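Since the structure is predicted, the reported quantities are computational estimates derived from the model, not experimental observations. Convention: sequence-line order gives letters A, B, ...; per-chain numbering from 1.
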Amino acid sequence: MRRRDLLVGLAAAGLIRPTAAAKVEQGLFVHDRPRPVAALDIRDNQGQMAGFDSLAGQPALVNLWASWCLPCVAELPALDRLKPLIEPEGARIMALCLDRSGAIGAVNTYARLGIRNLAVHVDHHRRAGEVLGAPVLPTTLLMDRSGHEVARFVGPAQWDGPEAMALMRALIKGQTLNPAMAPPPPAKTTTAP
Amino acid sequence: MQRLFAILIATALFAGTAGAQELTGRFLLDSHDGGRVTDQSFAGKVRMMTFGYTFCPDICPTTLSTMAAAIDALGAKASQVVPIFVTVDPKRDTASHLKEYVQAFGPSFVGLTGTTEMVEAAAKAFKVRYKLHPPMTADPDNYLVDHSAGIYIMDRDGRFVAKLGHLSAPEDVAERLAQVIDGKEKAR
């Protein structure tokens with residue numbers, strides 16, 4: 001979806017107040033019907049193609065992040081813990097880095113955080129934010145086994161808790177999701193990062 | 001009290017010379033390299049500016065990514081544009097922190113900060129409103145900042161040309177910049 005389409009949609013929904021502060025609604029947004037996801041040139045840390053078609057017909061969680069986005073970086077360890085828990089049950093976890101430096105930023109951030117399970121995925125032509133219609137980070141897409149986006153979560157969440165597991169299991173089973181299935185926000189840290 | 005009085009006087013003088021409703025685009029700030037800069041420091045360059053803060057606690061706008069993509073889309077004309085990020089959170093966004101932050105978006109990006117008063121004056125000159133919320137926890141550095149987002153395009157003389165929404169597509173931003181570079185779009 002193009003960003004302009006998103007803009008029109010948000011404006012129609014009354015979510016945009018042009019002169020107001022940049023308030024964006026957070027939470028789980030379930031689409032009325034699954035949306036096709038535009039193809040993106042996604043590469044791994046070797047520069048090899050690793051796009052959405054590599055998700056191989058399984059439901060997937062695709063997390064959009066950048067190393068300059070502190071709440072994104074803060075939730076990566078939870079996604080790293082979620083991956084080995086849920087992948088044996090039949091879903092895929094992809095963390096897609098939107099850094100302009102390419103794989104370097106992702107690799108450095110993974111090393112700093114001690115990420116063990118997440119693979120490096122990089123938005124090669126730096127178009128993911130626009131193509132996927134994500135004006136804020138983190139944004140996390142939930143895709144069905146045919147690669148359609150069924151819902152998206154805007155903002156950070158506790159991705160390794162029981163609520164996230166239940167949400168992912170519902171996605172795996174192809175059940176209809178609802179906003180009440182949203183995982184809770186992460187516990188507030190007591191210090192600024 | 002004395003300081004407050006000085007600010008009031010400065011504000012009154014400012015309003016007197018500029019007019020309360022006019023977007024003057026004037027500023028005096030500190031660059032991420034430590035030098036003091038004004039809007040005149042970028043004379044001859046078309047400016048693409050936004051206001052924000054780096055310590056976004058929940059969600060971070062991708063405005064700077066949009067600006068970086070617009071610079072990419074401009075190709076050879078990009079050298080005639082200076083992308084500028086002004087923090088409205090100078091307490092946490094120090095010059096050295098800003099330097100590291102803006103480099104993530106490209107070598108031509110300039111990060112600007114200053115004292116609270118300098119930042120307030122700059123925001124006022126762009127009619128940017130922002131609000132620092134009380135700290136959320138016992139840590140005085142843990143607080144939220146609301147601000148009005150958007151991308152400002154100023155011409156080579158620093159005059160305001162357009163404000164684009166923070167959801168603008170990069171190619172639309174690039175197109176407006178190209179029009180200003182080519183002299184097809186003039187200051188209002």
For this session: Taking all non-hydrogen atoms of both residues into account, name the closest pair between B:Ala169 and A:Glu130 and its distance.
Result: CB-OE2, 3.6 Å
Exercise. From B:Ser65 OG over to A:Leu137 CG, what is the distance, rounded to the nearest 0.5 angstrom?
Worked result: 7.0 Å
For this session: Classify the ring geometry between A:Trp68 and B:Phe105 as parallel (under 30°), tilted (30 to 60°) or perpendicular (over 60°).
Result: tilted
Exercise. A:Val154, A:Trp159: one ILVMFWY side-chain cluster at the under-4.5 Å cut-off?
Worked result: no
Seminar exercise, completed: So CG of B:Asp72 and CZ of A:Arg127: to nearest 0.5 Å the spacing works out to 10.5 Å
Problem set entry | salt bridge (Lys or Arg N to Asp or Glu O under 4.0 Å) partners of residues 134-151 of chain A, not counting sequence neighbours, each pair once | A:Glu149-A:Arg152
Exercise. B:Ile84 and B:Phe160: same hydrophobic cluster, using ILVMFWY side-chain contacts below 4.5 Å?
Worked result: yes
For this session: State plainly whether one hydrophobic cluster holds both A:Ile93 and A:Leu98, where clusters connect Ile, Leu, Val, Met, Phe, Trp and Tyr through side-chain heavy atoms under 4.5 angstrom apart.
Result: no
Seminar exercise, completed: Whatever's closer than 4.5 Å to a heavy atom in chain B on A:Gln26 counts as side chain
For this session: Return yes when atom CD of B:Glu100 has more than 12 non-hydrogen atoms of other residues, nucleotides or ligands closer than 6.0 Å, and no otherwise.
Result: no
Problem set entry | Note, B:Thr62 side chain near A:Val136 side chain (heavy atom, < 4.5 Å) | no
Problem set entry | Qualifying side chain to side chain donor-acceptor pair (under 3.5 Å) pairs, either residue in residues 108-124 of chain A, two or more places apart | none
Exercise. Taking C-beta and beyond as the side chain, do A:Pro71 and B:Asp58 meet within less than 4.5 Å on heavy atoms?
Worked result: no
